[in-house]
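Count residues from 1 along the sequence. Counting starts at 1 for both ligands and their atoms, in listed order. These values consider heavy atoms only, across backbone and side chains, with no hydrogens, waters or symmetry-generated copies.
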Amino acid sequence: MINITLPDNSVRSYNDVITPMDVAKDISEGFARNVISAKFNDTTIETSTPLTTDGKLTLYTWRDDEGKKAFWHSSSHILAQALEELYPGVKLSIGPAIENGFYYDVDLGSNSISDKDFKTIENKMIEIARGKHDFKMKSVSKADALSKYKVEGNEYKVELIENLTDGNITFCDHSTFTDLCRGGHIPNTGIVKAVKVLSVAGAYWRGDENNKQLTRVYGISFPKQKELTEYLALLEEAKKRDHRKLGKQLELFTFSQKVGQGLPLWLPKGAALRGRLEDFLKKAQQKAGYEMVVTPHIGQKELYVTSGHYAKYGEDSFQPIKTPKEDEEFLLKPMNCPHHCEIYNTKPFSYRELPKRYAEFGTVYRYEQSGELHGLTRVRGFTQDDAHIFCTPDQLDAEFKNVIDLVLYVFGSLGFENFTAQVSVRDLDNPDKYIGSVENWEKAEQAIINAAKDKGLDYVIESGEAAFYGPKLDFMVKDALGRQWQLGTIQVDYNLPERFDLTYKGADNELHRPVMIHRAPFGSMERFVAILLEHTGGNFPLWLIPEQVIVLSISEKFEKYAEKVLNLLENNEIRALIDNRNETMGKKIRDAEMQKIPYMIIVGENEEKENMISVRQHGGEDLGMISVEEFTNVVETEINKTLKQFIV
Ligand SMILES: [Zn+2]
Ligand SMILES: [Zn+2]
């Protein structure tokens with residue numbers, strides 16, 4: 001008798017050896033048609049692998065991440081076969097599934113692949129896929145595996161196999177093709193209905209630049225042609241929304257080789273926008289009981305040795321700054337927390353005075369490899385909307401709820417409607433990994449879960465994902481293109497209060513350690529603006545956008561009236577500018593559309609005579625001829641739709 005436990009903890013018993021596909025069919029024929037891969041006791045297997053012992057079985061379809069992984073991994077085998085057929089003598093190395101699709105690193109010898117070859121490769125892959133060849137795993141002895149690739153002269157596979165243990169080496173066959181592989185395939189090639197070769201790039205063998213550069217062929221595949229079409233449309237849209245491109249077009253930020261890589265320069269429009277974001281958060285934080293503090297950009301090396309950040313960032317980050325005095329060393333600050341701990345330490349607190357909530361838009365510096373730098377999302381200097389809350393363990397519950405309120409307020413005001421949360425807790429099997437008492441951990445984990453429940457968050461609990469110094473809550477936001485971003489981490493910390501010897505006097509008159517919470521709803525101003533740019537495509541909420549209105553006069557004759565309208569708008573606190581260029585109205589409207597300005601005001605003879613304005617919305621809709629007062633109301637109503645008051 002074999003007992004198979006399914007994810008819902010139901011158990012199915014079988015008299016004979018069965019396969020995951022048999023179990024799927026046993027559940028339902030309809031479900032089985034969609035099952036493409038499986039996991040048995042944490043090992044990825046094929047749907048045809050015989051199950052000979054009791055165990056836990058999970059079945060995956062294309063909808064599951066694991067299903068996609070098997071699908072894309074299998075597609076990389078099809079790509080490899082296509083490349084072998086099209087480029088005889090090609091040497092294969094590795095070909096994994098990645099977040100979106102798969103790649104294969106190959107040594108093409110004297111051949112090369114360019115964009116023009118993609119179609120041929122895709123056609124070959126589809127031809128192979130249509131053969132509906134089963135993916136079949138087989139065990140191969142180390143000697144046989146080595147001899148196969150030595151005969152072929154494939155030094156990459158030889159190197160891979162030399163690092164494997166005999167008895168654990170498997171190959172996967174389909175059609176006439178075979179490849180060294182650990183497993184995890186879909187049942188057959190026929191399930192792959194649509195493929196696209198996306199790009200080629202150079203990649204050093206094993207990522208080491210002393211090794212030979214191979215050709216990395218990137219691809220993606222789908223079970224339906226329609227899904228590929230949709231994906232390609234999404235890619236196109238993502239390119240248009242690339243924040244590096246939009247940031248330039250909208251004149252928000254720039255980089256200068258002279259200033260240094262990864263050090264963003266905020267242009268006037270970007271700086272103003274960033275200022276509005278800061279003011280927005282400052283206002284809400286003030287209501288939520290935070291106090292602003294300001295700390296310097298550097299600190300003595302000793303400060304970071306105490307905090308432990310030197311051990312973490314010291315070697316691989318910016319090196320200490322020397323002074324004329326020997327032995328004196330300062331570090332560019334990689335984190336604001338140590339400074340805030342020292343602020344807390346300036347005077348003794350009683351439990352009645354807690355929580356203390358110190359907030360700062362604090363700029364920090366971390367050295368990222370130049371290859372890792374990416375627009376505003378990976379930089380070497382950035383400003384966190386940082387705050388640290390020092391409270392008693394009993395106050396954690398309420399503090400967590402407050403921080404969640406603030407994060408949800410930020411999301412709501414900026415148009416992020418689609419998000420989930422993850423609570424990261426201890427691995428109960430490894431209690432020694434964590435600092436702080438078991439009692440405090442239980443309290444903190446429960447406080448986070450209670451807060452998440454109370455605030456109606458859609459959350460999951462992940463065991464073993466907590467940092468050694470405390471549990472945390474992360475928000476995962478989906479943008480308009482369905483991409484996930486991690487925003488708004490709330491982290492409990494038992495470590496820094498210990499390292500900085502922070503205390504408060506409790507009701508019992510004894511000294512106790514406060515709990516510290518790190519939180520940053522935006523994360524950093526740089527990364528947040530980048531995400532917001534890609535989410536909105538530059539069409540920021542009206543309260544935030546650089547220019548809300550542009551005034552366009554039909555001809556020079558009406559310039560005076562246009563100026564008058566501009567003044568009226570500015571008096572009503574509307575951000576407006578005027579386009580007085582000697583251009584056609586069509587050109588002026590097109591340029592305003594490019595700059596994503598939400599409202600265009602057109603003034604000419606009729607408008608001047610009636611003391612009115614004609615309003616056109618970004619994207620084409622006409623609001624007709626109205627007064628400046630009426631228009632001000634329209635703007636205010638629109639702003640209030642997204643920008644609500646923060647209520648404590
Ligand atoms: Zn494989
Ligand atoms: Zn911190």
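Of all N/O/S atoms in H518, ND1 sits nearest the Zn ion (ligand 2). For the Zn ion (ligand 2), the nearest N, O or S atom contributed by H388 is named NE2. Nearest N/O/S atom of H185 with respect to the Zn ion (ligand 1) is recorded as NE2.
Rounded to the nearest 10 degrees, the angle SG (C181) to the Zn ion (ligand 1) to NE2 (H73) equals 100°.
At a cut-off of 2.8 Å, C337 coordinates the Zn ion (ligand 2) through an N, O or S atom. For the Zn ion (ligand 1), the set of nearby N, O or S atoms under 2.8 Å includes none belonging to C172.
For the salt bridge (Lys or Arg N to Asp or Glu O under 4.0 Å) test with E159, the passing option among K150, K212, R206 is R206; the others fail.
Looking only at atom types and distance, the side chain of Q422 has no donor-acceptor partner in the side chain of D474 under 3.5 Å away. No donor-acceptor contact under 3.5 angstrom links the side chains of Q446 and E442, judged on distance only.
Side-chain atoms of T61 do not come within 3.5 Å of backbone N or O of N34 as any donor-acceptor pair. Remark: the backbone N or O of K443 is not paired with any side-chain donor or acceptor of E445 at under 3.5 angstrom.
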